[in-house]
Structure formats: structure tokens, C-alpha cells
Engineer: 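One structure, as C-alpha cells, below. Some questions next.
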Amino acid sequence: MKKFIPLFILFITSLSFSQNTGSIVGKLIDKEYNNEPLAFANVLIKGTTKGTTSDIDGLYGFENLEPGAYTLVFSFVGYETQEVNAQVVAGKVTEINVTMGASAASLDEVVITTTTKRESETALLLEQKKAVEIKQSIGAEELSRKGVSDAAGAIAKISGISKQEGSSNVYVRGLGDRYQNTTLNGLSLPSNNVNKKNIDLNLFSTDVIENVSVAKAYSSKFYGDFSAGNVDVKSKDYTGNGFLELSAGSSFNTNAIDKNFVRSEGTGFFGYYGRYAHNPFAIVLSHGIDPVNAGTPININYGGSAGKSFKFNDGSKLSLFLTGSFANSYEYRSGSAVDYTLTEKKAFDAAEEYEYGTNSTVMGTAQYRINDKNKLKYTSLFINNSSDVVGYFGTDGAGRSRDAQLDTEKGFYQMNVQFDQTQMTINQLEGSHTSGKLDVDWGIGYNLVHSKQPDRKRISLENYQYALDNDPNTNPTFYNNVDYDNQRYFQNITDEEINSRLNLAYNVSDNLKINLGYDGKNKTRDFNNIRYGYQIVDTKYPVTDVSNFDDVFTLDNLRVNQNQTNGIYQIKVFNPIPGLTNVNRPGLPENTYKGVLNVYAGYANAEIKAGDKWLFVPGIRFENIEQNISYNVINLGNKGIDTVNTMSNIFLPSLNIKYAINDDQNLRFTASQTVSLPEFKEAAPFVYENVSSSIGGNPDILGATGSNLININNTAYSKIYNIDLKYEWFFSKSELLSVSAFTKQIKDPINLVVGADATGTQRYFRTGDKATIYGIEVELRKNLITSDDDDATLSLGLNGTYMKTEQNLYDQIVGTRFNLSFNKTKDKLQGASPFLLNADIQYAPVFNNYKPSATLVFSYFADRIDALGSGDLGNIVEKGVPTLDFVWKNSFFDNKLEANLSAKNLLNPTIKYVREASIGDVVVTSANGKGISNYKRGMNIGLQLKYKF
């Protein structure tokens with residue numbers, strides 16, 4: 001009889017049995033895997049039919065044994081079988097811990113087994129079953145089966161989580177980026193995007209992921225800025241005799257494959273831009289505007305991984321792992337781009353974007369096992385991610401602009417050529433130590449991010465319809481309402497963070513464990529941008545070739561002084577260098593801000609076992625939080641230079657309770673108080689202008705005072721109260737049924753709001769005094785057909801979430817830098833879908849050495865608010881999207897060779913955002929999405945080959 005033993009009965013007390021029987025308990029140690037627990041090993045009582053299996057923590061146990069002598073047989077595939085004699089005494093617990101090692105003849109086989117156990121679905125289900133807090137995980141095995149290529153796609157397969165189409169934004173229980181935290185190996189990560197709190201999870205390719213876990217219920221070990229959940233990416237490592245794995249693949253997008261693709265001039269195939277060291281003004285003078293050919297739009301990916309362990313005479317071991325990969329992608333979008341507030345400001349019914357993206361990843365880990373009780377691990381990760389988008393807006397000649405000078409109803413056109421590159425370096429050093437009853441775990445990390453948008457080019461034309469006729473005497477002209485309608489834009493962000501964690505666990509007794517811990521981080525962001533505008537002095541200059549602006553903006557056509565009569569344009573900068581003019585001269589940054597976040601936290605919790613059914617974990621956390629934002633921006637005039645400082649001391653209680661109904665079923669309850677902190681991009685009032693949308697921050701969300709304030713609290717954070725109740729039934733090693741109910745109340749919530757003014761700029765506001773969330777989640781993993789070895793041949797996975805959100809809205813916000821009003825008193829919470837659904841079905845037969853698997857994966861999220869409307873403005877709503885992917889994996893030669901086929905986005909749904917208006921829904925562009933709306937992404941068809949030496 002196989003039996004999985006819950007975490008809280010590592011030692012079974014004598015009170016659990018009658019005085020006439022005894023028990024045997026213990027733990028199995030994996031000598032070949034840094035002396036970590038050995039899961040799934042067989043433990044038999046020799047000469048009987050009694051047996052069990054060690055769980056994910058290596059624990060095993062036999063209850064109700066008659067007194068006497070027994071022989072235990074410990075076995076695991078590829079490991080040396082061991083027999084140990086044991087004596088059972090009535091009313092006593094006999095503890096036998098065994099360290100198991102591999103036999104020399106089968107070491108290679110053991111390597112494969114032991115390094116994948118924490119990636120498998122079975123192992124992660126066991127971990128979920130035994131976890132103190134409510135969490136869910138998805139491992140490399142499941143990611144591979146479902147054809148998931150990155151961490152963003154990974155967690156979108158977990159119940160209650162969805163991914164925003166057209167971006168990397170992830171929503172946990174309907175709450176977006178500002179309500180989440182992201183960590184790597186338990187240490188915090190920075191953001192790579194000025195408009196986001198969290199790092200883009202699609203930067204983490206599956207080559208570096210062992211598993212991704214999401215904790216949706218709070219415990220004191222997490223930072224207090226915890227609302228929807230904490231996403232932790234566990235990086236891969238390796239221990240064993242050595243391996244080398246190579247892979248290569250190719251795919252194509254059905255929208256892009258027949259297009260003549262273009263990208264920014266000056267960028268490279270691998271996503272690098274080589275002119276960062278040059279002064280932007282020099283780049284404007286020396287380099288052109290027009291995009292260049294991007295090559296054949298066929299996606300490629302390749303990579304490799306290698307690892308090896310070295311054993312030393314003193315018993316220590318050094319294990320090294322290195323992985324690297326490169327992938328690119330071509331995507332073509334055709335749709336519309338509309339800026340609509342109370343009236344239409346700008347509209348392009350025909351717009352298209354060509355996007356060339358790259359992702360390069362290199363990660364290395366070094367594990368040093370000093371001895372059985374001390375271990376160190378160093379992880380270094382470098383990511384280079386780029387997005388190169390060339391957009392053409394108004395390609396049908398019917399583009400409209402309310403501010404057009406020649407014709408507001410037709411002929412407005414814009415070209416936007418934009419390259420974004422993020423270079424991120426993450427370094428972490430971790431340690432774990434055991435001494436008697438004390439366990440120490442610690443980590444320190446250093447993160448450095450350079451996120452750049454070098455040389456964005458934007459050109460604006462009027463009478464573009466003349467470019468489409470065959471009359472050489474009629475031509476478009478440059479639109480030049482202000483000097484920056486035709487521009488070159490440069491932006492730089494540097495994020496630097498030092499973070500640390502320390503946990504001291506003291507095992508007081510079998511039933512009591514006390515954790516004391518410390519967390520700290522210092523995070524800074526430096527931002528600056530500069531624009532150079534082309535002032536068109538020859539306002540009637542005909543644009544005879546709309547695909548060749550390089551022949552227009554040449555040095556020969558630059559008007560260097562006012563007396564010159566033959567120049568076409570001058571170069572303007574907003575912020576000149578003191579002593580220099582702002583015409584045809586370099587300048588200083590146009591907008592700057594510096595943000596600082598310091599968090600110093602201490603916590604304590606106790607793991608209290610009451611009998612063999614109950615586990616209570618009360619906890620308390622104290623945090624000292626300092627936030628600072630200093631800015632110098634142009635959009636606020638005289639109020640554009642300021643510094644805002646806040647300091648808060650908060651206490652955050654939490655309680656986690658787990659009741660083991662039996663060995664296979666748990667009932668969990670959690671209650672906690674957490675907070676939500678404003679982010680740099682929410683507080684800095686810098687405004688970023690897209691072609692058809694603009695978004696900026698609001699320093700008042702860090703706190704505001706004044707006698708003229710109406711309906712706003714002077715607070716620097718939102719208080720959040722959380723309650724969760726969950727039932728889990730693990731009815732086999734790979735099957736699960738769970739039902740969860742949850743509720744949250746958010747005091748002083750922050751929402752993204754579209755201002756009812758001429759600009760229609762979206763900003764962040766504390767829009768009311770509270771918001772409430774109620775929801776239920778259901779998850780089922782079921783094997784429909786199994787093999788003789790109890791492995792799934794046909795399996796089904798299904799999870800769904802239903803939520804109801806409501807927040808009250810102030811009638812007006814007055815007395816701050818930005819005044820606001822609402823014509824309704826309640827609304828749904830921004831970013832919350834009322835319904836989410838994920839499903840997959842897999843068929844995995846075995847034909848001798850041929851092991852194919854075919855998987856269909858479906859996801860859907862319902863309509864959700866993208867940004868609240870103010871005044872008489874309606875909300876911007878992201879329409880619901882269904883997706884369907886198919887993955888066919890084929891393994892040959894004892895899993896050494898893989899040939900995998902994938903077909904993704906088979907339904908090819910329309911990605912659409914609409915403004916709720918009195919005239920009906922108006923298709924608009926989202927500041928959180930791509931540059932256009934109402935488009936289809938196309939299907940991606942791909943093939944990958946992988947070989948392991």
C-alpha cells in the first residue's frame with residue numbers, strides 16, 4: 001500500500017497510538033543531490049506486504065506495528081538498495097534516517113531522475129499538498145508539455161491567473177501589475193519597464209526555469225506589499241556526472257510570413273543597438289530615419305545546457321550548470337489606432353505594425369556542498385530583450401486629427417519607429433546551514449537593469465491621400481503644429497537594487513517550530529529623456545516619397561541660420577544647455593526623475609502542530625518603508641519640480657491554518673493584513689506619449705495635505721484585508737480537486753483613470769475609500785486513462801475562477817495637482833475579469849521506445865476594465881480573449897532525441913479595446929497594450945529539435 005505522509009508528522013508522537021503498538025518514521029537523504037530529501041523512494045518491510053513511498057521531503061512512516069524486530073528495505077531506481085534492522089517498542093517511535101547513493105553502474109540514469117524531480121507535476125503537487133501557505137506551482141515538465149516558452153505563459157495556466165494579450169501584463173485573481181510581487185529564488189526582482197512594477201515574466205525563457213510558483217495567500221515571510229500574490233521563479237540547477245543538451249527550432253507567424261518586414265536603422269539581428277555611448281544630438285545629425293529591411297520573417301531559436309559535478313577528497317562537492325538561448329520573433333498587426341475621449345481626438349482606421357523581437361538569455365549556477373549541513377549556491381543571470389516596432393498609421397489616407405491644419409477629416413498620417421532594449425543582470429548568493437535544532441537560510445542579491453528606448457522616430461504628414469494617387473503634382477506635406485510633431489526621442493532608465501533575506505528556524509520540539517527572519521531591499525531608479533524636434537520651416541515642402549525621409553532630413557537641407565533661404569528644417573530641443581540656443585544645438589534632458597524605495601523588515605511566526613491533524617501558523621511582520629520621488633518634468637509648468645518623501649511603519653498580522661482531513665485531503669484557512677505601495681511610474685508625473693494614447697503618474701498618491709482637499713486621504717499606502725478558504729483533495733499522485741473561496745477589502749485603492757480633459761492623459765488616482773473582491777476558484781486534474789504503471793495516458797486539466805469586484809468612487813477629487821470627478825458612485829475594479837478559464841487535455845501513449853504526447857491548451861478571460869473613465873467619460877474595456885494551442889512532443893532513443901511540433905493561437909481571436917461612450921462602444925488604443933487595437937496576432941507554427949548527450 002502506497003501512502004503519502006503529510007509534512008506535520010515527521011515525528012509521530014506516542015500519543016497517536018495505543019500502548020500495544022509502535023511506529024517507525026524517518027527521512028531519506030539524496031547523497032547525489034546535495035544531500036537534499038529523496039522523494040519517491042520505496043520503503044518495504046522485508047517478509048511482509050507492507051510498504052510506503054517517501055514524499056517530496058523524503059519523509060516516510062509506518063504506524064501501528066506490533067513490537068519486535070523488523071528489516072526495512074530502501075530502494076530507488078539507480079541507487080544502491082539498503083537493508084536496515086529496526087526494533088519496534090510498544091508505545092514508542094523508532095526513527096531511522098537513511099542516506100542513499102547511486103551505484104556506479106547507473107549514475108547517468110540517476111542524474112536524469114534526480115535533477116527532474118522538482119520539475120515534475122507529481123512532485124509539485126506533493127509540495128503544494130504539504131506547503132504551509134496556499135500556493136500553486138507549474139514545473140518545467142508541464143511547461144514543456146504545454147509548449148509554454150516563458151514564465152508569463154507559465155503562470156497563466158494556473159487557476160485565477162490571466163495574461164493580457166498584446167503585452168506581458170499578468171493578472172492574479174483579477175488584480176494587475178501593481179498588486180503583485182516577483183522574485184527569483186525568493187529574492188526580489190526589479191522592473192524592466194518604466195510603466196510596470198514587476199519584471200516582464202516573458203523575459204524568463206523555460207530554459208532557465210525549474211518551476212514557477214504563485215502564493216496567493218499571505219504569510220509573514222513575504223514582503224508586506226502583497227495584494228494578489230507573490231510569483232517566484234525557481235531557476236534550474238544541476239548535480240550529476242555531466243551532460244550536454246542542444247536544441248534548435250524554427251517557426252513562422254501566419255500574419256507575418258508573407259510581409260516585407262522592416263525594423264529600426266542601427267539595430268542588430270540579435271537585438272542590440274551600438275550607439276548608446278554617442279550623444280543623441282550627434283545621432284540625429286548623422287543617422288537616418290527610415291526603417292531598414294529586417295530579413296525573412298521566419299522565427300528561429302536555439303540554445304544549449306551543460307552541467308557537471310566535481311567531488312573532492314574531503315567529501316564536499318561542486319556542481320556547475322550553464323544554459324544559454326536565443327530566440328527571435330516576427331509579428332504583423334493590422335488594425336486601428338483611435339484616441340477618443342468625449343470626442344474623437346485622433347483616429348486611424350487603417351494602421352499596421354511590424355514587430356521584430358529578440359530574447360537572449362545566459363544563466364550559470366554553482367552549488368558548493370561543503371558537507372551534509374552546509375551548502376552555498378551562486379546564481380548569475382543575464383537577459384537581453386528587445387522589441388523593434390515600425391508602425392504606419394493612416395495608411396488608407398483617411399486618418400483624422402482634431403488638431404490637423406489642412407483637413408481634420410482625412411489625410412492625417414504618422415510613422416513611428418521604436419526600438420526598446422532591456423539588459424538585465426541578476427546576481428544571487430544563497431546559503432543553508434544546519435546545527436542541531438537550528439536551521440539557517442540566507443540570501444543576498446544585486447540586480448542591475450538598463451532599459452533604453454534609443455532614437456524613436458516619429459513623422460507626421462497631412463494630405464497623405466495624395467501619396468496614394470498617381471498624380472505627381474499632388475503630394476503630402478509635413479504636419480508641423482508644434483516643433484515636436486516630427487521628432488527623435490531618447491529615453492534611459494537605470495534600476496539598481498540590493499536585497500537580502502535571512503530566516504532562522506528553531507525546532508523547539510516535534511510540534512513546535514519558530515521562524516525569525518529579516519528582509520531588506522534598497523531600490524533606486526534614474527530616468528531621463530530628451531527629444532529633438534524637426535521644425536519644418538518650409539511648410540509647403542512636398543513629400544514626394546513617403547518611404548524615403550532620409551533624403552529630406554539631411555545636413556544639406558538643415559537651415560543653420562535665419563538668413564538662409566534654402567533650408568527645409570531646423571532642429572529644436574526643449575531644454576537647451578545654458579549659454580546655447582535651443583536651435584541646432586545639443587540640449588539637456590527634457591524630463592528626469594529619481595525614485596528611491598527602502599524596505600527594512602523583521603518577522604516572526606510559529607508552526608504549531610496540534611495532534612496529527614492541525615497546523616497553526618500565526619505570524620507578525622514589521623516593516624519600515626521609505627519612499628522618495630524627485631522629479632523635474634515639463635507637463636506641470638511651475639509645479640513640475642518637486643520632491644515627495646514618505647516614511648511608514650506598519651505591523652502586518654497573519655494566520656494560516658491547515659487541517660488534514662486525512663492523508664489525501666486538506667482544509668486551509670488564512671487571514672491577513674497587507675499593504676499596496678505606489679510605484680515609481682505611478683507617482684512620477686512624467687507623461688509618456690504614444691501615437692494615440694498618453695499615460696503619466698501622480699505624486700499625490702504618496703499622500704497629500706491641504707485645506708482645499710476634497711475626498712482624499714493623506715496616505716502613502718493602501719491597507720488590504722485578506723481571507724482565504726481552500727479545500728484540497730489529492731486523490732492520486734498526479735490528480736487533484738480543489739475549491740477555494742476568497743475575499744479582499746482594499747482601503748484607499750489606486751486606479752488608472754482617463755482624464756476628461758483635452759489631452760485624455762491616463763493617470764493614477766486614489767479614487768475611493770474602499771474596494772471589495774469576492775471570488776471562487778475550482779481546479780481539477782484527472783487521469784482518464786492510465787497505463788499498467790499507473791502513468792497517465794489520457795489526462796485532463798481544468799481550472800476556473802469567478803469573481804465579483806466593486807469599488808466606491810468619490811464624486812470629486814479637488815485640491816491636488818490634478819482635479820477629478822466621477823458621475824457614478826460605484827464601479828468594478830480596474831483589471832479584474834469576472835471569469836477566467838484554463839483547460840488542457842493530453843494524450844501520451846507509449847510504443848516501446850517511442851513516447852509521443854499531444855496536448856491541447858485552452859485559456860479564456862472575460863471583459864475587464866483597462867482604465868476608468870472620469871467625468872462623463874466611459875471606461876476603456878479590454879474585450880475577452882480565448883486562446884487555443886496544440887503541442888505534439890515526440891521522444892526517441894530513451895528520451896535523448898526530441899522532435900516537437902507546435903501550433904499556437906489556433907483560434908486567432910481579435911484583440912480589442914473599446915471606450916464605453918454614449919454613441920456606443922468605440923474601438924480605441926490602450927496605453928497598456930500595443931500601438932493598435934482591433935487586430936489579430938496570427939497563428940504560430942513551429943518545429944523544434946533537441947538532443948541530449
Engineer: With Ser692 as reference, evaluate Thr925, Asn416, Asp339 under the side chain to side chain donor-acceptor pair (under 3.5 Å) test and give the passing residue.
Structural biologist: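 Option passing the side chain to side chain donor-acceptor pair (under 3.5 Å) with Ser692: Thr925.
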
Engineer: Report yes or no: do Ser336 and Asp349 form a side-chain donor-acceptor pair below 3.5 Å?
Structural biologist: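 Side chains of Ser336 and Asp349: no pair found under 3.5 Å.
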
Engineer: Between Ser387 and Glu355, do the side chains contain a donor N or O and an acceptor N or O under 3.5 Å apart?
Structural biologist: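 Yes, side-chain donor-acceptor contact under 3.5 Å.
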
Engineer: Quick one: does Val887's side chain get under 4.5 Å of Val857's, heavy atoms only?
Structural biologist: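 Side-chain contact under 4.5 Å: no.
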
Engineer: Testing the 3.5 Å rule here: is there a donor-acceptor pair between the side chains of Thr358 and Asn328?
Structural biologist: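 Thr358 vs Asn328: no donor-acceptor pair found between side chains.
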
Engineer: Tyr532 vs Phe281, test: ring-ring contact (aromatic ring centres under 6.0 Å, His included). Steps then yes/no.
Structural biologist: CA-CA 8 Å; Tyr532 287 96; Phe281 184 69; 5.5 Å; yes

Engineer: Mind checking whether Val687 and Arg763 have side chains closer than 4.5 Å, heavy atoms only?
Structural biologist: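 Contact flag for Val687/Arg763 side chains = yes.
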
Engineer: In plain terms, say whether Lys457 and Asp455 are close enough for a salt bridge, that is, a side-chain N and a carboxylate O under 4.0 Å apart.
Structural biologist: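 Result for this pair is yes, salt bridge flagged.
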
Engineer: Quick one: list whatever passes side chain to side chain contact (heavy atoms under 4.5 Å, CB included) with Ala294, sequence neighbours left out.
Structural biologist: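 Checked Ala294 against side chain to side chain contact (heavy atoms under 4.5 Å, CB included); matches are Phe261, Arg263, Tyr330.
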
Engineer: For the rings on Phe478 and Phe553, is their centre-to-centre separation under 6.0 Å?
Structural biologist: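 Ring centroids of Phe478 and Phe553 are less than 6.0 Å from each other.
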
Engineer: Rounded to the nearest 0.5 Å, what separation is found between the CD1 atom of Ile298 and the CZ atom of Phe252?
Structural biologist: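 So the CD1 of Ile298 and the CZ of Phe252 are separated by 9.0 Å.
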
Engineer: Using the ring-ring contact (aromatic ring centres under 6.0 Å, His included) rule, take Tyr302 and Phe326 through it: C-alpha gap first, then chi angles, then the decisive distance, then the call.
Structural biologist: CA-CA 6 Å; Tyr302 51 83; Phe326 169 78; 5.7 Å; yes

Engineer: Could you check if a side-chain atom of Leu558 sits within less than 4.5 angstrom of a side-chain atom of Asn584, using non-hydrogen atoms only?
Structural biologist: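 Heavy-atom side-chain distance check passes, below 4.5 Å.
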
Engineer: How about Phe680 and Tyr593: are their ring centres within less than 6.0 Å of each other?
Structural biologist: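 Between Phe680 and Tyr593, the centre distance exceeds or equals 6.0 Å.
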
Engineer: Could you tell me if Asp420 and Ser451 have a donor-acceptor pair between their side chains, going purely by distance under 3.5 Å?
Structural biologist: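 Distance-only check fails for Ser451 and Asp420.
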
Engineer: Report yes if the side chains of Tyr332 and Asp258 come closer than 4.5 Å at any heavy-atom pair, otherwise no.
Structural biologist: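 The answer is no, as the side chains (C-beta and beyond) never meet within the 4.5 Å cut-off.
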
Engineer: For Asp526, what residues pass the side chain to side chain donor-acceptor pair (under 3.5 Å) criterion, not counting sequence neighbours?
Structural biologist: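 Asp526 satisfies side chain to side chain donor-acceptor pair (under 3.5 Å) with Lys594 once adjacent residues are dropped.
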
Engineer: With no hydrogens and no angle check, just 3.5 Å: does a side-chain donor-acceptor pair link Thr592 and Asn528?
Structural biologist: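 Distance-only check fails for Thr592 and Asn528.
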
Engineer: Under the side chain to side chain contact (heavy atoms under 4.5 Å, CB included) test, which residues partner Leu901, sequence neighbours left out?
Structural biologist: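 Expected list: Trp888.
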
Engineer: With sequence neighbours excluded, tell me which residues meet side chain to side chain donor-acceptor pair (under 3.5 Å) with Ser251.
Structural biologist: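 With sequence neighbours excluded, Ser251 shows a side chain to side chain donor-acceptor pair (under 3.5 Å) to Asn299, given in chain and number order.
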
Engineer: For the atom pair OG (Ser386) and OH (Tyr273), what is the distance rounded to the nearest 0.5 Å?
Structural biologist: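 If I round to the nearest 0.5 Å, the distance is 13.5 Å.
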
Engineer: Looking at side-chain heavy atoms only, is the closest gap between Lys346 and Gln414 below 4.5 Å?
Structural biologist: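 Of all side-chain heavy-atom pairs linking Gln414 with Lys346, at least one is under 4.5 Å.
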
Engineer: Count the heavy atoms of every other residue, nucleotide or ligand shown that sit under 6.0 Å from NZ of Lys936, and state whether that count exceeds 12.
Structural biologist: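 Yes, NZ of Lys936 has more than 12 neighbouring heavy atoms, counting only those of other groups under 6.0 Å.
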
Engineer: Does the pair Glu409/Arg402 count as a salt bridge with the N-to-O cut at 4.0 Å?
Structural biologist: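 No, Glu409 and Arg402 are not salt-bridged.
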
Engineer: Any side-chain donor paired with an acceptor under 3.5 Å for Gln421 and Asn384?
Structural biologist: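 Yes, because at least one side-chain N or O of Gln421 sits under 3.5 Å from a partner of the opposite role on Asn384.
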
Engineer: Is it the case that Arg456 and Gln487 place a side-chain donor and acceptor less than 3.5 Å from each other?
Structural biologist: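 There is such a pair (donor and acceptor under 3.5 Å, judged by atom type) between the side chains of Arg456 and Gln487.
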
Engineer: Does the gap between the ring centers of Tyr413 and Phe393 come in under 6.0 Å?
Structural biologist: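 Ring centroids of Tyr413 and Phe393 are no less than 6.0 Å from each other.
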
Engineer: Under the side-chain contact (heavy atoms from CB on, under 4.5 Å) test against Ile876, which residue among Leu752, Val914, Val924 passes?
Structural biologist: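 So the option named by the test is Val924.
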
Engineer: Please tell me whether Asp545 and Ser547 have a donor and an acceptor in their side chains that are separated by less than 3.5 angstrom.
Structural biologist: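 On atom types as modelled, these side chains qualify, holding a pair under 3.5 Å.
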
Engineer: Tell me whether the guanidinium CZ or amine NZ of Arg531 lies under 6.0 angstrom from the six-membered ring centre of Tyr484 and within 45° of its axis.
Structural biologist: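 Satisfied, under 6.0 Å and within 45°.
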
Engineer: Can you confirm whether the side chains of Tyr688 and Gln453 place a donor and an acceptor under 3.5 Å from each other?
Structural biologist: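 Yes, side-chain donor-acceptor contact under 3.5 Å.
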
Engineer: Are Arg525 and Phe527 in a cation-pi setup, meaning NZ or CZ lies under 6.0 angstrom from the ring centre and within 45 degrees of the ring axis?
Structural biologist: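 Cation-pi check for Arg525 and Phe527: fails.
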
Engineer: Using side chain to side chain donor-acceptor pair (under 3.5 Å) as the criterion, list what pairs up with Asp551, not counting sequence neighbours.
Structural biologist: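 By the side chain to side chain donor-acceptor pair (under 3.5 Å) rule, Asp551 matches Asn548.
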
Engineer: Is the shortest side-chain heavy-atom distance between Leu285 and Leu555 below 4.5 Å?
Structural biologist: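 Yes, at least one pair of side-chain atoms sits under 4.5 Å.
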
Engineer: Less than 3.5 Å apart, any donor N or O on the side chain of Tyr464 or Glu462 sitting next to an acceptor on the other?
Structural biologist: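 The criterion, which ignores hydrogens and geometry beyond distance, is not satisfied for Glu462 and Tyr464.
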
Engineer: Hey, does His287 have a side-chain heavy atom less than 4.5 Å from the side chain of Glu265?
Structural biologist: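 They are in contact (side-chain heavy atoms under 4.5 Å apart), so the answer is yes.
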
Engineer: According to side chain to side chain contact (heavy atoms under 4.5 Å, CB included), who are the partners of Glu331, at least two apart in sequence or on a separate chain?
Structural biologist: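 Side chain to side chain contact (heavy atoms under 4.5 Å, CB included) list for Glu331, sorted by chain: Arg333, Arg937.
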
